Amino acid sequence: MTTVEQRPGVPESEDTAPLLSPVSSHNEWDPLEEIIVGRLDDATIPSSHPVVSCNIPPWAARFQGLAAGHKYPRRLIEPAQEELDGFVSLLKSLGITVTRPDAVDHRQRFATPDWSSRGFCNTCPRDSMLVIGDEIIETPMAWPCRYFETHSYRRLLKDYFRRGARWTAAPKPQLTDELFEQEFRTPKKDEPMRYILTEFEPVFDAADFVRAGRDLFVTRSNVTNAMGIEWLRRHLGPGYRIHEIESRCRTPMHIDTTFLVLAPGKALVNPEYIDVDRLPSVLDSWDILVAPEPEPVKDLVLRTTSMCGKWLSMNILMVDEKRVIAERHHTGMLRALEGWGFEPIPCDLMHYAPFGGSFHCATLDVRRRGTLESYFG
């Protein structure tokens, strides 16, 4: 008679009962069931570092340089918090489970043997964690001020793990001077593309990737290097393919204002950053939807403190293959989405821009109802 050896200290029922992972998300459009939404509590202006200043608009970079390490002023926090609360209420009204990271003091200083920094905030879970199927991957981010950002999500990560999710952390980067081009300057429009990152070690932000089942799309950027892309390619193995999207942005950071997959056969592109004739051939059979010119932002404070460019209008969140949450201010995008066969749900989140993003950035979809599929030949 064959017996199954029980693990020491684990009750038999727990040892043998199959775990159904609460984490399961394969693409950007399957019906959304659970999502993490970021927090604004104790948000702190990023500590000064060239990898920070090279990635944000000039006016915001000047503000950041002067106020680095201080908490964001109430004048910026309060309207953003009001809009964030409204967004969370909207998600819940759609039947979506919303979880949040812990509030932490981001102004607290931390250090490695090579450098020290204060924190930033946990407004954008999309950057620090990547969900692939039932696995959550903590990413090796290039901003020193974000080095320990996922610690505010550890309560959630441990709960997901206990319930059956896979939990991985990419190699923690050293972030020493060898990773950064010391004489870096932003390339002009007519100059060859260059990046502040070297290939000293793998680094990447999860927000430089979007998922379409067995295919992922990525932009190399000032926070994601070729070594980081290769690390993820090897980690995922032959069951997945990673395609690089060439961006014409001179200060690239995060794919979700450049290229998004919205539904099977439909991709949204930024006409300023993307040459549709140079997209990967795997997209030849897809409808390429060109984003309309964004409405200008008239609020002077928002214009000068936003950490994002004008194409934040593209930073939308798919609820399912039809319904999509988009910024109320950007009426051109709302009309375009409707014309493409989607059902836009207008919402306000304009005042979140000084903290790094909008609906896609501010969230991490933990569970979507669907299975792993290939949407390309």
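In this text the structure is predicted, and so the values were computed from the model without any measurement. The residues of the chain are indexed from 1 along the displayed sequence.
In this structure, Tyr375 has its ring center no closer than 6.0 Å to that of Trp286. For Phe87 and Phe359, the ring centers are positioned less than 6.0 Å apart. Centroid-to-centroid, the aromatic rings of Phe217 and His243 come within less than 6.0 Å.
Under the 30°/60° scheme for interplanar angles, the aromatic rings of Phe355 and Tyr352 are found to be tilted. Using the six-membered ring where Trp is involved, Tyr72 and Phe120 have ring planes that are tilted, between 30° and 60° apart.
Residues satisfying the side chain to side chain contact (heavy atoms under 4.5 Å, CB included) test with Asp114, not counting sequence neighbours, are Thr112, Thr176.
For the salt bridge (Lys or Arg N to Asp or Glu O under 4.0 Å) condition, the pairs that include at least one residue of residues 289-299, sequence neighbours left out, are Glu293-Lys310. Contacts classified as salt bridge (Lys or Arg N to Asp or Glu O under 4.0 Å) and involving residues 241-254 (residues at least two apart or in different chains) are given here: Asp215-Arg241, Glu246-Arg278. Applying the ring pair (Phe, Tyr, Trp, His ring centres under 6.0 Å) definition to pairs two or more places apart or across chains, those involving residues 171-190 are His49-Phe180.
Side-chain polar atoms of Thr363 and Arg126 form a donor-acceptor pair below 3.5 angstrom. One side chain, Asp208 or Ser221, offers a donor N or O that lies under 3.5 Å from an acceptor on the other. Side-chain atoms of His360 and Asp256 include a donor-acceptor pair closer than 3.5 Å. A donor and an acceptor atom, one from each side chain of Glu149 and Trp143, are nowhere located under 3.5 Å apart.
Within the 4.5 Å cutoff, the side chain of Leu40 has heavy atoms near those of the Leu84 side chain.
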Identify every side-chain donor-acceptor pair in residues 259-275 under 3.5 Å, counting partners at least two apart or on other chains, and give the distances.
residue	atom	partner	partner atom	Å
Lys266	NZ	Trp340	O	2.7
Asn270	OD1	Glu272	N	2.8
Asn270	OD1	Tyr273	N	3.3
Asn270	ND2	Thr257	O	3.0
Glu272	OE1	Trp311	NE1	2.8
Asp275	OD1	Asp277	N	3.0

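When atom types are taken as modelled, the side chain of Asp320 and the backbone of Asp30 share no donor-acceptor pair closer than 3.5 angstrom.
Within a 6.0 Å sphere centred on CD of Glu373, other residues, nucleotides and ligands contribute more than 12 heavy atoms.
Its side chain outside the 4.5 Å cluster rule for every partner, Leu300 clusters with none of the Ile, Leu, Val, Met, Phe, Trp and Tyr residues.
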